Amino acid sequence: MKKTYKLINLGCANCAAKMENKIKKIDGVTDANINFIMAKLVIEGEAEKWDDIMPKAAKICKTIESKCRIDI
């Protein structure tokens with residue numbers, strides 16, 4: 001399963017890279033990419049784990065950049 005999300009209030013390219021690296025480590029994620037310029041997050045992962053993946057990804061974004069959120 002592959003989905004694209006808009007990142008709201010993403011303000012730092014370095015933070016985006018940190019988010020991408022941590023999201024890639026979530027169990028069930030096969031790939032993740034953040035385009036800083038477009039403020040887009042693309043996640044590929046196992047469909048049966050999707051309900052666990054997205055809350056973890058949102059928490060990672062919020063932890064690294066407190067005002068950033070995923071527009072789900």
Side-chain angles (χ1 to χ4, degrees):
M1 174 179 265
K2 180 177 181 179
K3 291 194 176 186
T4 302
Y5 300 95
K6 179 84 174 151
L7 291 170
I8 308 298
N9 296 321
L10 179 64
C12 171
N14 187 41
C15 293
K18 288 178 186 177
M19 290 175 198
E20 182 179 299
N21 288 331
K22 286 189 179 254
I23 291 170
K24 286 180 180 180
K25 294 177 183 175
I26 297 172
D27 183 43
V29 172
T30 55
D31 195 23
N33 183 282
I34 294 179
N35 181 320
F36 174 70
I37 300 299
M38 301 296 290
K40 294 216 176 188
L41 166 64
V42 179
I43 298 180
E44 290 183 52
E46 300 172 23
E48 60 275 359
K49 294 186 179 181
W50 205 260
D51 290 338
D52 292 329
I53 291 171
M54 290 315 299
K56 290 177 182 177
K59 185 177 179 180
I60 287 168
C61 292
K62 191 73 130 168
T63 300
I64 292 173
E65 197 167 322
S66 63
K67 293 183 181 180
C68 183
R69 66 180 177 84
I70 300 173
D71 190 18
I72 298 174

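Since the model is a prediction, treat every value here as computed from it, not as a measurement.
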Output a table of donor-acceptor pairs, distance under 3.5 Å, between side-chain atoms of residues 53-72 and any protein atom two or more places apart or on a different chain; print 'none' if there are none.
| unit_1 | atom_1 | unit_2 | atom_2 | d |
| --- | --- | --- | --- | --- |
| K62 | NZ | S66 | O | 3.3 |
| T63 | OG1 | K59 | O | 2.8 |
| E65 | OE2 | G11 | N | 2.6 |

Please list all pairs passing the side-chain hydrogen bond (donor to acceptor under 3.5 Å, both in side chains) test where one or both residues lie in residues 2-17, with sequence neighbours left out. Y5-W50
Nearest 0.5 Å, what's the CZ-SG distance between F36 and C15? 9.0 Å
Give a yes or no on this: more than 12 heavy atoms of other residues, nucleotides or ligands lie within 6.0 Å of atom CE of M1. yes
May I have the list of side-chain donor-acceptor pairs in residues 25-33 shorter than 3.5 Å, sequence neighbours left out?
| unit_1 | atom_1 | unit_2 | atom_2 | d |
| --- | --- | --- | --- | --- |
| D27 | OD1 | K49 | NZ | 3.4 |
| D27 | OD2 | K49 | NZ | 3.1 |
| T30 | OG1 | E44 | O | 3.1 |

Is there side-chain contact between I34 and L10, with at least one heavy-atom pair below 4.5 Å? yes
Do I37 and I8 share a hydrophobic cluster, counting only Ile, Leu, Val, Met, Phe, Trp and Tyr and linking them when any side-chain heavy atoms are less than 4.5 Å apart? no
Gap between atom CD of E20 and atom CG of L41 - 0.5 Å precision: 8.5 Å
